[in-house]
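Labels below follow one simple rule: chain letters A, B, ... track the order of the sequence lines, proteins then strands, and each chain is numbered from 1. In what follows, every heavy atom counts, from backbone to side chain, and hydrogens, waters and symmetry copies are set aside.
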Number of protein chains: 2
Amino acid sequence: MLKKLDPIIHSELRLAIMSLLISVNRADFKYLKEETESTAGNLSVQLTKLEEAGYIKVEKGFKGKMPQTTCSITKMGIEAFEKYVEDLKSYLKM
Amino acid sequence: MLKKLDPIIHSELRLAIMSLLISVNRADFKYLKEETESTAGNLSVQLTKLEEAGYIKVEKGFKGKMPQTTCSITKMGIEAFEKYVEDLKSYLKM
DNA sequence: TAAAGTAGTTTATAAAATAAACCAAAATAT
DNA sequence: ATATTTTGGTTTATTTTATAAACTACTTTA
């Protein structure tokens, strides 16, 4: 009955990141930091975990002369997020 | 936009416990252990946390000669669960 | 009456989240 | 020109959380 929830996604900050990337498809570090109201350190760590899981792609480039990290969700990430939402429903009676 | 999720509820096992108690209203330790597929130790710890938060009531009695711990959700618990579900929706686009 | 099972709690360990400290380069003020 | 602050992060340390292992007390069964 109760499905096992993907632990990579079931973390408040990572869930927030995934949620944002599902909507916007592409977002830079600064935007994610503002929207999630997280610290840079925490965000950096969680982005790395999502990247290692293959759920997001992280690209490093420059915006003018300043470094810029851009993130986007992968196909695997979309599927994992959708499965997570489905599994979660078993807990929420939806 | 993204709401802060109640950390007492946002834990897989505690969410499962709350979800079960919302439905059945009353459940003993054994039932919760089976349904959640958790270890007794982990279950014991998480029940105590929910009790300390005022979200559940834990009553110790006997079933025949064997000790029996019975749990039920409180009004506070119901409200917290409902708020959690609402807040969660901001992440899931529902 | 010894061994095994039940119903848990307590304590120790592992994993995760978060915060603090740090780094390199750019922009700004002196 | 050069010191100071700001930006955009990463790395490391600390705290918190989850989980597992060990233990307790009593009961049932062999």
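Closest non-hydrogen pair, A/Lys3 versus A/Ser90, comes out as N-OG, 3.2 Å. Shortest non-hydrogen contact noted between B/Asp87 and B/Lys4 is OD2-O, 3.5 Å. Scanning all heavy atoms of the two residues, the minimum distance from A/Leu2 to A/Tyr91 falls at CD2-CD2, 3.8 Å. Nearest heavy atoms, B/Leu43 versus B/Phe29: CD2-O, 3.6 Å.
Among the protein residues, A/Lys60 comes within range of the sugar-phosphate backbone only, with heavy atoms under 4.0 Å from sugar or phosphate atoms but none that close to a base. Residue A/Lys30 is classed as a sugar-phosphate contact, given heavy-atom separations below 4.0 Å to backbone atoms only.
With rounding to whole Å, B/Gln68 atom CD is found 13 Å from C/dT9 atom P. When the C1' atom of D/dA18 is taken as reference, atom CD of B/Glu37 falls 17 Å away, rounded to whole Å. Between B/Leu15 atom CG and D/dA18 atom C1' there is a gap of 15 Å when expressed in whole angstrom units. At whole-Å resolution of the value, CG in A/Asp28 and C1' in D/dG8 are 10 Å apart. For the pair B/Tyr31 OH and C/dA7 C1', the computed distance is 18 Å after rounding to whole Å. Rounded to whole Å, atom C1' of D/dA18 lies 17 Å from atom CD1 of B/Ile9. Counting to the nearest Å, the C1' atom of C/dG8 and the CD atom of B/Glu59 are 17 Å from each other. D/dG8 atom C1' lies 9 Å from atom NZ of A/Lys33, rounded to whole Å.
Between B/Thr69 and C/dG8 there is a side-chain N or O to OP1 or OP2 distance below 4.0 Å. At D/dA18, one or more side-chain N or O atoms of B/Lys49 fall inside 4.0 Å of OP1 or OP2 (strictly under the cut-off). The phosphate of D/dA18 has OP1 or OP2 within less than 4.0 Å of a side-chain N or O from B/Arg14.
Taking A/Lys60 as the reference, nothing meets the salt bridge (charged side-chain N to carboxylate O under 4.0 Å, His left out) condition, with sequence neighbours excluded.
For B/Phe29, the side-chain atoms get nearest to C/dT9 when compared with the rest of C/dT9, D/dT17, D/dT10.
Salt-bridge check for A/Lys57 with A/Glu59: passed, with a basic side-chain N closer than 4.0 Å to an acidic carboxylate O.
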Anything under 3.5 Å between a protein N or O and an N or O of nucleotides 19-29 of chain D, put it in a table, one pair a line.
unit_1 : atom_1 : unit_2  : atom_2 : d
D/dT19 : OP2    : B/Asn42 : ND2    : 3.2

*Carefully, step by step, assess B/Glu79 and B/Lys75 under the rule salt bridge (Lys or Arg N to Asp or Glu O under 4.0 Å).*
CA-CA 6 Å; B/Glu79 285 164 8; B/Lys75 187 156 172 293; 3.1 Å; yes
